[in-house]
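Data block below; observations after.
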Amino acid sequence: MTTTGFFDRFGGRYVAEILRRPLDELEAAFTDAMADPGFLDELQMLRADFIGRPTPFLHAANASRALGGADIYIKMEGLAHTGAHKINNAVGQALLARRMGKKRIIAETGAGQHGLATAAACAKIGLECVVYMGAVDVSRQQPNVAAMELYGATVVPVHSGSRILKDAINEAMRDWAASFETTHYLIGSALGPAPFPDMVRTFQSIIGEETKTQIAERKLDVAALVACVGGGSNAIGFFSPFIDQPAPRLVGAEAGGVGPGAGENAARMTGTAARDGIIHGYKSRFLMDEDGQVAETRSISAGLDYPGIGPQLAALGEQGRIEYTSVEDKEALEALSFFARNEGVLFALESAHAGAAAMRLAKELPRGKAIVVNMSGRGDKDLFITSPEFRPREWRDFLAAELERLNAGREIHGEGVER
Ligand SMILES: *Cc1c(COP(=O)(O)O)cnc(C)c1O
């Protein structure tokens, strides 16, 4: 852990004066909890019985044979409860918040995956949950909104700015500045003001620790670890036990979107558009316009379109310890269907970016070497995006028929009648 909250020139704590005290308290409480066997026991129990850890480690033997080079192994993080790695952090922070005597959790969410994980963790741990979500995202991501509400969370649509994730973060920060006595702000990625980047990495490092054991059990000669990078929490958790070693290579896959032009992707480390900035309480590389405002991004995967990147990931990129590559939408979709057909495993669209980068590497590296790709999430959640891509006509017919069925039901039962 850093003591300053900085990773080279990135990170820090750039917040309104009023948030200094809650951040200091959080840092102290986190350090204290991680040294408390009772806290660690409870965390371990929830990891095993609620999240479903350890997650499996699969030899993608058919896929590797088809590619003809190094062997690909898949860390099946998407089999964790709620479908992705986000639950590791949500459970850790919710448990910490309860230990601090907080009654209420607030969170930001973009596509809804972090909101979903937080809502489930709060239901299990017994905390009130309020999720801020851009109004544009609320209308686009209704299945996740419905699931969050099933878990008992209140979803608050944010109407400021461009009504997307960055605006939801601003709104959550505003809430926290007025409510921190009773409320914990549960940030969803390895970013934000210190101590969030360290804390989120710590709760996600279980992915890398299990992977290290699973590699040793199989006596693999691992040449590279590959993860997708949005804010960077699955990547930093997966890489974390390996960072201080000279090997294996650590490869981060960013969203290449529809091309290299401005506004066409979310490439902060591989493109030329990113600049140093201070946004959302920390310093890092951000995609920004000429006025220093965060720029619009584009990606088929809702989880990789954040305009910034966690400070430690930016620092490790500049140091050369993490290599970044970008994967365009089309290649990610191809990787998704490749692993589905060859391995019977459905990658989330985010994770499919890592899958695509692993496929490239497997072709370059010799037989006998291994590559481990973190499948950060499973793809069930993406059926509303992948179906229109893979079978547009059938999907449109299905939606039209569903709507017709719903409307017919409304005539019979009357709108809003409980059934
Ligand atoms: C949210 C999400 C990501 C991106 O977030 P990171 O903090 O970069 O890990 C990646 N994969 C999945 C499945 C997600 O839900």
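Being a predicted model, the structure only gives us computed values, none of them experimental.
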Given 3.5 Å as the limit, does a donor-acceptor pair link the side chain of R268 with the main chain of G230, or not? yes
Heavy-atom neighbours of E318 CD exceed 12 at 6.0 Å: yes
Sidechain-backbone polar pair: Q113 side chain, A84 backbone, donor-acceptor under 3.5 Å: no
Testing the basics here: between F203 and R47, what is the closest heavy-atom pair and its distance to 0.1 Å? O-NH2, 3.6 Å
Salt bridge between D24 and R13, side-chain N to carboxylate O under 4.0 Å? yes
W395/F390 aromatic ring centres below 6.0 Å: no
Report yes if some heavy atom in the side chain of T211 is under 4.5 Å from a heavy atom in the side chain of Y73; otherwise report no. no
Basic-acidic side-chain contact under 4.0 Å: E77, R378: no
Within-4.5 Å side-chain heavy-atom neighbours: V131 and T154: no
To check you understand the geometry: which heavy-atom pair defines the closest contact between V229 and G252, and what is its length? CG2-CA, 3.7 Å
Under 3.5 Å, side chain of T109 to main-chain N/O of G115, donor-acceptor pair present? yes
N/O donor-acceptor pair under 3.5 Å between N88 side chain and H85 backbone: yes
I want to check something: taking the side chain as every heavy atom from C-beta on, are R360 and T325 in contact at a cut-off of under 4.5 Å? yes
Under 3.5 Å, is there a donor-acceptor pair between the side chain of E264 and the main chain of G261? yes
Hey, are R201 and D198 close enough for a salt bridge, meaning a charged N less than 4.0 Å from a carboxylate O? yes
Testing the basics here: between N144 and A111, what is the closest heavy-atom pair and its distance to 0.1 Å? ND2-O, 3.1 Å
Taking W176's backbone N and O only, do any of them form a donor-acceptor pair with T183's side chain (distance below 3.5 Å, no angle check)? no
Within the side chain of E254, is there an N or O that forms a donor-acceptor pair under 3.5 Å with the backbone of T270? yes
Over 12 foreign heavy atoms within 6.0 Å of CZ, R341: no
For a side chain to side chain donor-acceptor pair (under 3.5 Å) with H184, tell me which candidate from R98, R104, K102, Q93 qualifies. Q93
Side chain to side chain contact (heavy atoms under 4.5 Å, CB included) with E42: of V91, D36, L95, only one passes, and it is L95
For D305 and T297, indicate whether the former's side chain and the latter's backbone hold a donor-acceptor pair under 3.5 Å. no
Look at D71 together with K369 and state whether they make a salt bridge at an N to O cut-off of under 4.0 Å. no
Aromatic ring pairing H81/F50, orientation class (parallel under 30°, perpendicular over 60°, tilted between): perpendicular
Show your working on salt bridge (charged side-chain N to carboxylate O under 4.0 Å, His left out) between D32 and R99 and close with a plain yes or no. CA-CA 10 Å; D32 204 54; R99 192 172 185 275; 3.5 Å; yes
Any luck finding a side-chain donor-acceptor pair between E108 and Y185 under 3.5 Å? yes
Side chain of R249, backbone of E323: donor and acceptor closer than 3.5 Å? no
Assess whether a salt bridge exists between E350 and K381, defined as any Lys/Arg side-chain N lying under 4.0 Å from an Asp/Glu carboxylate O. yes
Does a side-chain heavy-atom distance below 4.5 Å link L191 with S284? no
Are a donor atom and an acceptor atom from the side chains of S162 and K166 found within less than 3.5 Å of each other? yes
Could you tell me whether K212 sits above the aromatic face of F242, with NZ or CZ closer than 6.0 angstrom to the six-membered ring centre and within 45 degrees of the axis? yes
Pairing donors with acceptors under 3.5 angstrom, does anything connect the side chains of S179 and D175? yes
Using only atom types and a distance under 3.5 Å, with no angle test, would you say the side chain of D329 pairs donor to acceptor with the backbone of I300? yes
Would R275 and E290 count as a salt bridge (charged side-chain N to carboxylate O under 4.0 Å, His left out) if you check the C-alpha gap in whole Å, the side-chain angles of each, and the deciding distance to 0.1 Å? CA-CA 10 Å; R275 288 187 278 148; E290 299 80 46; over 6 Å; no
